[in-house]
Number of protein chains: 2
Amino acid sequence: MKSLDRKTEIITIAAKLFKEKGYSAVTMRDIAQAMDIKAASLYNHIKSKQEILVLIIIEIAEEFTKVMNEIMLSDETCIQKIEKVIQLHVDITVRDSDALASLNADWMHLADAELAYFIKMREEYEENFRKIIMKGIADGELKKLNPEVIIFSIHTTLRTLYLWYGKKKSLNASVLKSNMTQVLLHGIV
Amino acid sequence: MKSLDRKTEIITIAAKLFKEKGYSAVTMRDIAQAMDIKAASLYNHIKSKQEILVLIIIEIAEEFTKVMNEIMLSDETCIQKIEKVIQLHVDITVRDSDALASLNADWMHLADAELAYFIKMREEYEENFRKIIMKGIADGELKKLNPEVIIFSIHTTLRTLYLWYGKKKSLNASVLKSNMTQVLLHGIV
DNA sequence: AATTTTAACTAACATCTGTTAGTTTGTAGT
DNA sequence: ACTACAAACTAACAGATGTTAGTTAAAATT
């Protein structure tokens, strides 16, 4: 198996650095130094700096897409679906908050095909989320508030969880999920 | 008056570019090109790229600090205070969403004294916000939910309003404020 | 033992970046 | 007309940046 572990290591370390300073401010020399090697050595494992960003972002984006599609196909109530979306965000935040930071802050530095692919996935994800909320309101499961404001409020809170997680070590994934659900859902319903 | 208008113009255009690509990815040549001049000409008006960032961020941060301090001094109910905080965020978002983007995404590229100053202001702001929420819970004005989750949820929604404002042209400042208040406050109370 | 592969290295490149120095041009006040 | 100044310009720099080429030492495979 050709240097797969080392490649993963690069991606993990790069994600951490990208989270701290952003993609553009992190140099290949920064990444190399954090691994105690020289910048040129990185190219034994990865094709380019761009590729690192792609590998960080696209995998997570695809996971969001996949799980969201499964949620849409299920025949649960709107509220159950929202709970599963919260679960999805909490899970990924707990598992890989560094990658999530890049996805949120550095997606615009993707290029061409990958940028288009990412934007498409994001739009579909948001559209699915909108459908859930709209149906919830139509079915009387949710209050009749401005749907766009509800959508934005919930979505942005979930999206930026990674900024918050880590300071609050006392909360494990399941406690975090139930707290988020209480505030976001049962505050609204 | 020495080129004050031109300086403001640079800051405005730079903020717009920083919002799109982030501080590090925007070059002085990018800013100059957006103004149809050469990069060197920018230095007739500003001292450095750093100074542009400082001018964008610190002014807004000081405004948040100032208004928050006024809110803390007033003898209003917790809910009235939260409404004023929402008003503050909506006002600044509507007036200057580009600068707000830099404040949120590029504050870590401030240096030394300004970085320390910014972090101090942010910590005080968050501490004040926490006090409002805690008192609200203690006085029975707010539900007894996990305060940290409430604080994070409201604060992150207000903080990222700039990402959303602009797509929804139909909402003016006062409609936006009342909608946000409904969802964030009356959903929780 | 001989060979191949992995993963590090040094050296160098072309380009980009922030910034400075010195110059020119137009405009406003005398 | 003369002067002063604002604000643009050209040219250039020193250092940073992503990346490539070629080399080497150790580990894995034959």
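So you know, we letter chains A, B, ... as the sequences are listed, proteins then strands, and number each from 1.
Asn44(A) contributes a side-chain N or O that forms a donor-acceptor pair with the base of dA8(C) under 3.5 Å.
Residues Asp91(A) and Lys177(A) are not paired through a salt bridge, judged by the lack of any N-O separation under 4.0 Å between the basic side chain and the carboxylate.
Under the rule for a ring pair (Phe, Tyr, Trp, His ring centres under 6.0 Å), the partners of Phe152(B) that lie at least two apart in sequence or sit in another chain are Trp164(A). Scanning for salt bridge (charged side-chain N to carboxylate O under 4.0 Å, His left out) contacts around Glu148(A) gives Arg130(A), Lys168(B), with sequence neighbours left out. Not counting sequence neighbours, the partners of Lys131(A) by the side-chain contact (heavy atoms from CB on, under 4.5 Å) test are Met72(A), Glu127(A), Asn128(A). Legend: residues meeting salt bridge (charged side-chain N to carboxylate O under 4.0 Å, His left out) with Lys49(B), ordered by chain and number and at least two apart, are absent. Every ring pair (Phe, Tyr, Trp, His ring centres under 6.0 Å) that Phe64(B) has, sequence neighbours left out, goes to His89(B), Tyr125(B). Applying the side-chain contact (heavy atoms from CB on, under 4.5 Å) criterion to Ile137(B), with sequence neighbours excluded, gives Ile133(B), Leu142(B), Lys144(B), Pro147(B), Ile150(B). Taking the salt bridge (charged side-chain N to carboxylate O under 4.0 Å, His left out) definition, one finds that Asp98(B) meets it with Lys19(B), sequence neighbours left out.
For Gln50(A) and dT17(D), the CD to C1' distance is 14 Å, given to the nearest whole Å. Per the geometry, CD1 belonging to Ile31(B) stands 12 Å off C1' belonging to dT17(C), to the nearest Å. The interatomic distance linking Ile37(A) (CD1) with dT10(C) (P) rounds to 12 Å, in whole Å. Protein atom CD1 of Ile46(B) is 10 Å distant from nucleotide atom C1' of dT19(C), rounded to whole Å. If you measure from atom OH of Tyr43(A) to atom P of dA8(C), you get 15 Å, rounded to the nearest angstrom.
Applying the 4.0 Å criterion to OP1 and OP2 of dA7(D), one finds that Ser41(B) has every side-chain N and O outside that range. Lys49(A) has a side-chain polar atom (N or O) that falls below the 4.0 Å cut-off from OP1 or OP2 of dG18(D). Phosphate proximity of dA8(C) to His45(A): present, with a side-chain N or O under 4.0 Å from OP1 or OP2.
Under the 3.5 Å distance criterion, with hydrogens and angles disregarded, a donor-acceptor pair is assigned to the side chains of Thr156(B) and Thr160(A).
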Distance-only donor-acceptor hits, side chain of residues 110-121 of chain A, under 3.5 Å, sequence neighbours excluded:
unit_1    : atom_1 : unit_2   : atom_2 : d
Tyr117(A) : OH     : Glu62(A) : OE2    : 2.6

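Pairs of residues two or more places apart, or lying in two chains, that qualify as salt bridge (charged side-chain N to carboxylate O under 4.0 Å, His left out) and include a residue from residues 63-78 of chain A are Glu63(A)-Arg95(A), Lys66(A)-Glu70(A), Glu76(A)-Lys84(A).
For DNA chain C, the neighbouring residues in residues 14-29 of chain B, judged by any heavy atom under 4.0 Å, are Val26(B), Thr27(B), Met28(B), Arg29(B). DNA chain C is contacted by no residue of residues 107-116 of chain B, taking any non-hydrogen atom closer than 4.0 Å.
Between the axis at the start and the axis at the end of the helix from dA1(C)-dT30(D) to dT30(C)-dA1(D) there is an angle of 20°, using five pairs per end and rounding to 10 degrees.
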